[in-house]
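In what follows, chains carry the letters A, B, and so on, assigned in the order in which the sequence lines appear, proteins first and then strands, with residues in each chain numbered from 1. Note: hydrogens, waters and symmetry copies are ignored here, and every other heavy atom, side chains too, is used.
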Amino acid sequence: MLSHLVVAQSLYFGDSLFYIVCFILLMWLIKIFAWKPITKMMSDRADKISNDIDSAEKSRTDAAALVAKRQSALNASHAEAAEIVQTAKSNGQEQRDQIMAQAQADVQSLKTSAQKDIDQEREDALSHAKDDVASLSIEIASKIIQRELNADDQKALIDSYIEGLGKQHES
Amino acid sequence: MNDGPVSTFQFLGLTFSTANVVSGTIVFLIAVAVIFFASRHISMKPSKGQNFLEWLIEFTNGILKGSIPADQVSSFGLYGFTLFLFLFLSNQLGLFLQLTFHGATIVRSPTSDPIVTLTFSLMTMMLAQFSGVQRLGYKKHFANYLKPFVFWLPISIFEEFTNFLTLGLRIFGVIFSGEMLLKVIWGLATSHGIATMIVAVPIEMIWQGFSAFLGAIQAFVFVTLSTVYISQKIEEE
(Lines give C-alpha, C1' and ligand atoms only; values in the text may rest on other atoms or scores of the structure.)
Protein backbone atom coordinates (compact mmCIF):
# COMPACT_ATOMS: atom_id res chain seq x y z
CA MET A 1 0.00 0.00 0.00
CA LEU A 2 2.88 2.33 0.60
CA SER A 3 4.46 1.31 -2.68
CA HIS A 4 3.08 4.38 -4.48
CA LEU A 5 4.48 6.75 -1.93
CA VAL A 6 7.39 8.58 -3.30
CA VAL A 7 9.31 8.20 -0.06
CA ALA A 8 9.08 4.46 -0.44
CA GLN A 9 10.95 4.63 -3.70
CA SER A 10 13.67 6.88 -4.99
CA LEU A 11 12.93 10.60 -4.50
CA TYR A 12 11.77 12.35 -7.63
CA PHE A 13 13.84 15.48 -7.40
CA GLY A 14 12.78 16.18 -10.97
CA ASP A 15 9.25 16.72 -9.72
CA SER A 16 10.44 19.28 -7.22
CA LEU A 17 12.26 21.14 -9.93
CA PHE A 18 9.24 20.87 -12.22
CA TYR A 19 6.89 22.28 -9.57
CA ILE A 20 9.24 25.10 -8.66
CA VAL A 21 9.52 26.09 -12.32
CA CYS A 22 5.75 25.78 -12.74
CA PHE A 23 5.12 27.89 -9.67
CA ILE A 24 7.55 30.62 -10.65
CA LEU A 25 6.16 30.69 -14.19
CA LEU A 26 2.61 30.87 -12.82
CA MET A 27 3.60 33.66 -10.46
CA TRP A 28 5.13 35.56 -13.35
CA LEU A 29 2.05 35.09 -15.57
CA ILE A 30 -0.28 36.13 -12.75
CA LYS A 31 1.86 39.20 -12.15
CA ILE A 32 1.63 40.22 -15.80
CA PHE A 33 -2.02 39.40 -16.47
CA ALA A 34 -3.75 40.02 -13.19
CA TRP A 35 -1.71 41.18 -10.23
CA LYS A 36 -0.22 44.38 -11.56
CA PRO A 37 -3.26 45.78 -13.43
CA ILE A 38 -5.74 44.74 -10.75
CA THR A 39 -3.78 46.03 -7.76
CA LYS A 40 -3.14 49.23 -9.70
CA MET A 41 -6.84 49.53 -10.44
CA MET A 42 -7.70 48.82 -6.81
CA SER A 43 -5.37 51.53 -5.55
CA ASP A 44 -6.66 53.90 -8.25
CA ARG A 45 -10.18 53.18 -7.10
CA ALA A 46 -9.22 53.74 -3.48
CA ASP A 47 -7.71 57.10 -4.47
CA LYS A 48 -10.79 58.02 -6.47
CA ILE A 49 -13.13 57.12 -3.62
CA SER A 50 -11.13 59.15 -1.12
CA ASN A 51 -11.04 62.06 -3.58
CA ASP A 52 -14.79 61.76 -4.08
CA ILE A 53 -15.34 61.78 -0.35
CA ASP A 54 -13.12 64.85 0.03
CA SER A 55 -14.86 66.73 -2.78
CA ALA A 56 -18.28 65.77 -1.43
CA GLU A 57 -17.26 67.12 1.97
CA LYS A 58 -16.01 70.30 0.32
CA SER A 59 -19.17 70.85 -1.69
CA ARG A 60 -21.24 70.18 1.42
CA THR A 61 -19.40 72.90 3.38
CA ASP A 62 -19.66 75.20 0.35
CA ALA A 63 -23.40 74.65 0.21
CA ALA A 64 -23.74 75.29 3.95
CA ALA A 65 -21.76 78.52 3.63
CA LEU A 66 -23.92 79.58 0.69
CA VAL A 67 -27.11 78.88 2.67
CA ALA A 68 -25.80 80.96 5.58
CA LYS A 69 -24.92 83.78 3.19
CA ARG A 70 -28.36 83.70 1.56
CA GLN A 71 -30.03 83.66 4.98
CA SER A 72 -28.10 86.68 6.19
CA ALA A 73 -28.83 88.51 2.90
CA LEU A 74 -32.53 87.74 3.35
CA ASN A 75 -32.48 89.03 6.91
CA ALA A 76 -30.66 92.16 5.75
CA SER A 77 -33.21 92.78 3.01
CA HIS A 78 -36.06 92.38 5.52
CA ALA A 79 -34.46 94.98 7.77
CA GLU A 80 -33.83 97.23 4.78
CA ALA A 81 -37.45 96.97 3.65
CA ALA A 82 -38.68 97.84 7.13
CA GLU A 83 -36.33 100.82 7.22
CA ILE A 84 -37.53 102.03 3.81
CA VAL A 85 -41.14 101.85 4.92
CA GLN A 86 -40.25 103.69 8.14
CA THR A 87 -38.44 106.43 6.24
CA ALA A 88 -41.31 106.83 3.83
CA LYS A 89 -43.75 107.12 6.71
CA SER A 90 -41.71 109.75 8.54
CA ASN A 91 -41.14 111.63 5.29
CA GLY A 92 -44.87 111.66 4.64
CA GLN A 93 -45.57 112.85 8.18
CA GLU A 94 -43.02 115.62 7.84
CA GLN A 95 -44.35 116.68 4.48
CA ARG A 96 -47.92 116.74 5.77
CA ASP A 97 -46.89 118.86 8.75
CA GLN A 98 -45.02 121.21 6.48
CA ILE A 99 -47.95 121.58 4.09
CA MET A 100 -50.33 122.19 6.99
CA ALA A 101 -48.05 124.82 8.47
CA GLN A 102 -47.66 126.48 5.09
CA ALA A 103 -51.39 126.49 4.53
CA GLN A 104 -52.01 127.94 7.94
CA ALA A 105 -49.43 130.64 7.39
CA ASP A 106 -50.95 131.43 3.98
CA VAL A 107 -54.38 131.67 5.44
CA GLN A 108 -53.14 133.93 8.22
CA SER A 109 -51.37 136.27 5.87
CA LEU A 110 -54.34 136.32 3.50
CA LYS A 111 -56.62 137.16 6.39
CA THR A 112 -54.42 140.01 7.63
CA SER A 113 -54.03 141.50 4.16
CA ALA A 114 -57.75 141.27 3.59
CA GLN A 115 -58.33 143.01 6.91
CA LYS A 116 -55.85 145.65 5.92
CA ASP A 117 -57.55 146.15 2.56
CA ILE A 118 -60.91 146.41 4.19
CA ASP A 119 -59.62 149.02 6.64
CA GLN A 120 -57.98 150.94 3.83
CA GLU A 121 -61.12 150.84 1.79
CA ARG A 122 -63.26 152.01 4.62
CA GLU A 123 -60.87 154.84 5.40
CA ASP A 124 -60.79 155.84 1.74
CA ALA A 125 -64.56 155.72 1.51
CA LEU A 126 -64.83 157.78 4.68
CA SER A 127 -62.42 160.42 3.44
CA HIS A 128 -64.19 160.48 0.05
CA ALA A 129 -67.48 160.93 1.74
CA LYS A 130 -66.02 163.74 3.85
CA ASP A 131 -64.70 165.45 0.77
CA ASP A 132 -67.97 164.96 -1.01
CA VAL A 133 -69.92 166.36 1.92
CA ALA A 134 -67.54 169.33 2.10
CA SER A 135 -67.70 170.09 -1.61
CA LEU A 136 -71.45 169.55 -1.64
CA SER A 137 -71.96 171.91 1.27
CA ILE A 138 -69.70 174.42 -0.38
CA GLU A 139 -71.63 174.07 -3.57
CA ILE A 140 -74.87 174.56 -1.75
CA ALA A 141 -73.43 177.45 0.23
CA SER A 142 -72.02 179.05 -2.93
CA LYS A 143 -75.29 178.67 -4.68
CA ILE A 144 -77.03 180.40 -1.80
CA ILE A 145 -74.35 183.09 -1.49
CA GLN A 146 -74.04 183.58 -5.29
CA ARG A 147 -77.11 185.68 -5.35
CA GLU A 148 -75.77 188.16 -2.76
CA LEU A 149 -72.07 188.40 -3.48
CA ASN A 150 -70.41 189.93 -6.46
CA ALA A 151 -67.65 188.38 -8.41
CA ASP A 152 -64.78 189.91 -6.34
CA ASP A 153 -66.22 189.04 -3.00
CA GLN A 154 -67.00 185.65 -4.31
CA LYS A 155 -63.45 185.15 -5.50
CA ALA A 156 -62.06 186.26 -2.14
CA LEU A 157 -64.35 183.98 -0.31
CA ILE A 158 -63.45 180.99 -2.47
CA ASP A 159 -59.76 181.65 -2.05
CA SER A 160 -60.09 181.86 1.70
CA TYR A 161 -62.05 178.72 1.65
CA ILE A 162 -59.51 176.88 -0.52
CA GLU A 163 -56.78 178.08 1.78
CA GLY A 164 -58.76 176.77 4.68
CA LEU A 165 -59.12 173.45 2.96
CA GLY A 166 -55.36 173.29 2.27
CA LYS A 167 -54.67 173.91 5.95
CA GLN A 168 -57.16 171.39 6.96
CA HIS A 169 -55.58 168.84 4.64
CA GLU A 170 -52.12 169.61 5.92
CA SER A 171 -53.19 169.08 9.49
CA MET B 1 -6.66 0.97 -4.46
CA ASN B 2 -3.69 2.86 -5.73
CA ASP B 3 -1.48 -0.19 -6.03
CA GLY B 4 -0.46 0.19 -9.63
CA PRO B 5 3.14 0.81 -10.56
CA VAL B 6 4.25 4.43 -10.47
CA SER B 7 5.04 5.58 -13.95
CA THR B 8 8.34 7.44 -14.09
CA PHE B 9 10.65 8.78 -16.76
CA GLN B 10 14.17 10.10 -16.88
CA PHE B 11 15.04 13.53 -18.21
CA LEU B 12 18.41 15.27 -17.92
CA GLY B 13 19.47 12.67 -15.38
CA LEU B 14 16.53 13.45 -13.10
CA THR B 15 13.67 11.12 -12.28
CA PHE B 16 10.18 12.46 -12.96
CA SER B 17 6.87 10.95 -11.92
CA THR B 18 4.46 11.06 -14.86
CA ALA B 19 1.45 11.57 -12.59
CA ASN B 20 2.98 14.61 -10.91
CA VAL B 21 4.14 16.20 -14.14
CA VAL B 22 0.83 15.68 -15.94
CA SER B 23 -1.29 16.75 -12.95
CA GLY B 24 0.93 19.74 -12.28
CA THR B 25 0.68 20.81 -15.90
CA ILE B 26 -3.11 20.52 -15.81
CA VAL B 27 -3.29 22.63 -12.63
CA PHE B 28 -0.92 25.15 -14.17
CA LEU B 29 -3.03 25.42 -17.33
CA ILE B 30 -6.29 25.74 -15.38
CA ALA B 31 -4.75 28.47 -13.20
CA VAL B 32 -3.45 30.39 -16.20
CA ALA B 33 -6.80 30.07 -17.99
CA VAL B 34 -8.74 31.29 -14.92
CA ILE B 35 -6.40 34.23 -14.41
CA PHE B 36 -6.25 35.08 -18.10
CA PHE B 37 -9.98 35.06 -18.77
CA ALA B 38 -10.91 36.73 -15.49
CA SER B 39 -8.48 39.59 -16.05
CA ARG B 40 -9.81 40.76 -19.43
CA HIS B 41 -11.27 44.28 -19.59
CA ILE B 42 -9.95 45.63 -16.30
CA SER B 43 -11.77 48.86 -15.52
CA MET B 44 -12.71 51.16 -12.67
CA LYS B 45 -16.15 49.56 -12.55
CA PRO B 46 -15.28 45.90 -12.14
CA SER B 47 -16.87 43.23 -14.33
CA LYS B 48 -17.63 39.67 -13.16
CA GLY B 49 -14.14 38.25 -13.68
CA GLN B 50 -12.44 41.30 -12.25
CA ASN B 51 -14.73 41.18 -9.21
CA PHE B 52 -13.77 37.56 -8.64
CA LEU B 53 -10.03 38.29 -8.92
CA GLU B 54 -10.31 41.34 -6.68
CA TRP B 55 -12.17 39.31 -4.11
CA LEU B 56 -9.47 36.61 -4.25
CA ILE B 57 -6.70 39.19 -3.94
CA GLU B 58 -8.45 40.81 -0.99
CA PHE B 59 -8.85 37.36 0.56
CA THR B 60 -5.19 36.34 0.29
CA ASN B 61 -4.02 39.81 1.31
CA GLY B 62 -6.31 39.44 4.33
CA ILE B 63 -4.54 36.20 5.25
CA LEU B 64 -1.19 37.95 4.94
CA LYS B 65 -2.31 40.96 6.97
CA GLY B 66 -3.08 38.57 9.83
CA SER B 67 0.60 38.09 10.61
CA ILE B 68 2.77 40.28 8.38
CA PRO B 69 3.05 44.04 9.14
CA ALA B 70 0.77 46.00 6.82
CA ASP B 71 3.61 47.85 5.09
CA GLN B 72 5.25 44.57 4.05
CA VAL B 73 2.11 42.83 2.79
CA SER B 74 2.57 44.13 -0.75
CA SER B 75 5.92 42.37 -1.16
CA PHE B 76 4.46 38.94 -0.28
CA GLY B 77 0.97 39.47 -1.73
CA LEU B 78 1.74 37.91 -5.08
CA TYR B 79 3.44 34.90 -3.44
CA GLY B 80 0.47 34.29 -1.15
CA PHE B 81 -2.02 34.70 -3.99
CA THR B 82 -0.20 32.29 -6.33
CA LEU B 83 0.35 29.77 -3.53
CA PHE B 84 -3.32 29.79 -2.56
CA LEU B 85 -4.53 29.50 -6.14
CA PHE B 86 -2.13 26.68 -7.02
CA LEU B 87 -2.78 24.68 -3.85
CA PHE B 88 -6.54 25.15 -4.02
CA LEU B 89 -6.71 23.95 -7.62
CA SER B 90 -4.31 21.09 -6.82
CA ASN B 91 -6.45 19.97 -3.90
CA GLN B 92 -9.62 20.00 -5.98
CA LEU B 93 -8.22 18.38 -9.12
CA GLY B 94 -8.10 14.83 -7.74
CA LEU B 95 -11.68 15.00 -6.46
CA PHE B 96 -13.14 15.37 -9.90
CA LEU B 97 -10.52 13.96 -12.24
CA GLN B 98 -8.51 10.80 -11.68
CA LEU B 99 -7.08 9.06 -14.70
CA THR B 100 -5.27 5.76 -14.83
CA PHE B 101 -3.25 4.77 -17.85
CA HIS B 102 -1.90 1.21 -18.27
CA GLY B 103 -2.54 0.61 -14.57
CA ALA B 104 -0.55 3.65 -13.47
CA THR B 105 -2.26 6.76 -12.16
CA ILE B 106 -1.35 9.77 -14.27
CA VAL B 107 -3.87 12.41 -13.11
CA ARG B 108 -4.68 13.04 -9.43
CA SER B 109 -4.23 15.83 -6.91
CA PRO B 110 -0.58 16.89 -7.08
CA THR B 111 -0.82 17.65 -3.36
CA SER B 112 -1.52 13.99 -2.55
CA ASP B 113 2.19 13.38 -3.16
CA PRO B 114 4.54 14.49 -0.35
CA ILE B 115 7.31 15.49 -2.74
CA VAL B 116 5.02 18.20 -4.16
CA THR B 117 3.79 19.53 -0.83
CA LEU B 118 7.30 19.47 0.61
CA THR B 119 8.48 21.38 -2.45
CA PHE B 120 6.04 24.17 -1.64
CA SER B 121 6.99 23.95 2.02
CA LEU B 122 10.67 24.25 1.13
CA MET B 123 9.89 27.22 -1.10
CA THR B 124 8.18 29.00 1.79
CA MET B 125 11.05 28.23 4.17
CA MET B 126 13.61 29.51 1.70
CA LEU B 127 11.58 32.64 1.07
CA ALA B 128 11.36 33.18 4.83
CA GLN B 129 15.15 32.82 5.24
CA PHE B 130 15.81 35.04 2.24
CA SER B 131 13.41 37.76 3.44
CA GLY B 132 14.90 37.58 6.94
CA VAL B 133 18.40 38.17 5.63
CA GLN B 134 17.17 40.83 3.23
CA ARG B 135 15.31 42.83 5.85
CA LEU B 136 17.43 42.33 8.97
CA GLY B 137 20.88 41.57 7.56
CA TYR B 138 22.92 38.42 8.20
CA LYS B 139 23.93 39.37 11.70
CA LYS B 140 20.49 40.08 13.11
CA HIS B 141 18.91 37.25 11.15
CA PHE B 142 21.17 34.60 12.61
CA ALA B 143 21.16 36.27 16.01
CA ASN B 144 17.47 35.41 16.15
CA TYR B 145 18.44 31.75 16.42
CA LEU B 146 20.18 32.49 19.72
CA LYS B 147 17.09 33.95 21.32
CA PRO B 148 15.80 33.81 24.01
CA PHE B 149 19.22 32.47 25.07
CA VAL B 150 22.24 30.94 23.41
CA PHE B 151 21.45 27.33 24.35
CA TRP B 152 18.25 27.62 22.37
CA LEU B 153 20.24 27.25 19.14
CA PRO B 154 19.70 23.48 18.61
CA ILE B 155 15.99 23.85 19.23
CA SER B 156 15.81 26.80 16.83
CA ILE B 157 17.51 24.82 14.10
CA PHE B 158 15.41 21.78 14.81
CA GLU B 159 12.30 23.96 14.67
CA GLU B 160 13.15 24.96 11.12
CA PHE B 161 13.08 21.31 10.06
CA THR B 162 9.90 20.53 11.93
CA ASN B 163 8.22 23.59 10.44
CA PHE B 164 9.30 22.48 6.99
CA LEU B 165 8.00 18.94 7.51
CA THR B 166 4.73 19.75 9.27
CA LEU B 167 3.83 22.46 6.77
CA GLY B 168 4.26 20.07 3.82
CA LEU B 169 2.96 16.88 5.39
CA ARG B 170 -0.20 18.37 6.88
CA ILE B 171 -1.70 19.22 3.50
CA PHE B 172 -0.39 15.99 2.00
CA GLY B 173 -2.04 13.92 4.75
CA VAL B 174 -5.45 15.53 4.37
CA ILE B 175 -5.54 15.40 0.59
CA PHE B 176 -4.01 11.94 0.32
CA SER B 177 -6.40 10.45 2.85
CA GLY B 178 -9.34 12.18 1.18
CA GLU B 179 -8.45 10.70 -2.18
CA MET B 180 -7.77 7.29 -0.71
CA LEU B 181 -11.14 7.23 1.00
CA LEU B 182 -12.77 8.20 -2.30
CA LYS B 183 -11.12 5.17 -3.88
CA VAL B 184 -12.18 2.93 -1.00
CA ILE B 185 -15.78 4.05 -1.28
CA TRP B 186 -15.66 3.61 -5.05
CA GLY B 187 -14.27 0.10 -4.56
CA LEU B 188 -17.19 -0.59 -2.23
CA ALA B 189 -19.65 0.78 -4.78
CA THR B 190 -18.44 -1.52 -7.53
CA SER B 191 -17.94 -4.59 -5.33
CA HIS B 192 -21.43 -6.14 -5.43
CA GLY B 193 -23.21 -4.64 -8.40
CA ILE B 194 -26.19 -2.29 -8.23
CA ALA B 195 -27.06 -2.78 -4.54
CA THR B 196 -23.79 -1.47 -3.17
CA MET B 197 -23.75 1.22 -5.87
CA ILE B 198 -27.01 2.74 -4.54
CA VAL B 199 -25.63 2.83 -1.00
CA ALA B 200 -22.12 3.99 -1.81
CA VAL B 201 -22.72 6.69 -4.42
CA PRO B 202 -24.40 9.16 -2.00
CA ILE B 203 -21.61 8.54 0.52
CA GLU B 204 -19.07 9.13 -2.23
CA MET B 205 -20.75 12.42 -3.14
CA ILE B 206 -20.91 13.54 0.47
CA TRP B 207 -17.24 12.71 0.96
CA GLN B 208 -16.36 14.50 -2.27
CA GLY B 209 -18.10 17.63 -1.04
CA PHE B 210 -16.37 17.37 2.31
CA SER B 211 -13.02 16.87 0.62
CA ALA B 212 -13.60 19.94 -1.51
CA PHE B 213 -14.19 21.87 1.71
CA LEU B 214 -11.09 20.33 3.30
CA GLY B 215 -9.03 21.16 0.20
CA ALA B 216 -10.04 24.83 0.50
CA ILE B 217 -9.31 24.82 4.24
CA GLN B 218 -5.90 23.21 3.73
CA ALA B 219 -4.92 25.73 1.05
CA PHE B 220 -5.97 28.49 3.47
CA VAL B 221 -4.04 26.90 6.34
CA PHE B 222 -0.94 26.43 4.21
CA VAL B 223 -0.91 30.11 3.18
CA THR B 224 -1.63 31.22 6.76
CA LEU B 225 1.22 29.18 8.21
CA SER B 226 3.54 30.29 5.41
CA THR B 227 2.92 33.92 6.32
CA VAL B 228 3.42 33.11 10.00
CA TYR B 229 6.82 31.52 9.29
CA ILE B 230 7.80 34.42 7.03
CA SER B 231 6.70 36.99 9.62
CA GLN B 232 8.81 35.25 12.28
CA LYS B 233 11.85 35.75 10.11
CA ILE B 234 11.31 39.35 9.02
CA GLU B 235 10.67 40.68 12.51
CA GLU B 236 13.22 41.21 15.21
CA GLU B 237 12.25 39.29 18.30
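Interface remark: A:Met27 contributes backbone and side-chain atoms alike to the contact with chain B (heavy atom separation under 4.5 Å). Contacts of B:Leu118 with chain A are absent, with no heavy-atom separation under 4.5 Å from either backbone or side chain. For A:Lys48, the part lying under 4.5 angstrom from a heavy atom of chain B is the side chain only. Within the 4.5 angstrom heavy-atom criterion, no atom of A:Ile32 approaches chain B. Both the backbone and the side chain of B:Tyr79 come within less than 4.5 Å of a heavy atom in chain A.
You'll find the side chain of B:Ile35 stays beyond 4.5 Å of the side chain of A:Trp35, heavy atoms only. Counting heavy atoms from C-beta on, the side chains of A:Tyr19 and B:Val27 never come closer than 4.5 Å.
Annotation: A:Glu57, atom CD; neighbour count of heavy atoms from other residues, nucleotides and ligands within 6.0 Å is above 12. Within a 6.0 Å sphere centred on CZ of B:Phe59, heavy atoms belonging to other residues, nucleotides or ligands number more than 12.
Among B:Val32, B:Val116, B:Asn61, the residue with the largest count of heavy-atom pairs under 4.5 Å with chain A is B:Val116. The candidate with the highest count of non-hydrogen atom pairs below 4.5 Å against chain A, out of B:Leu85, B:Leu122, B:Leu83, is B:Leu83.
Summarising the geometry of A:Leu25 relative to B:Phe28, their closest heavy-atom pair is CD2-CZ, 3.6 Å, with the distance given to 0.1 Å.
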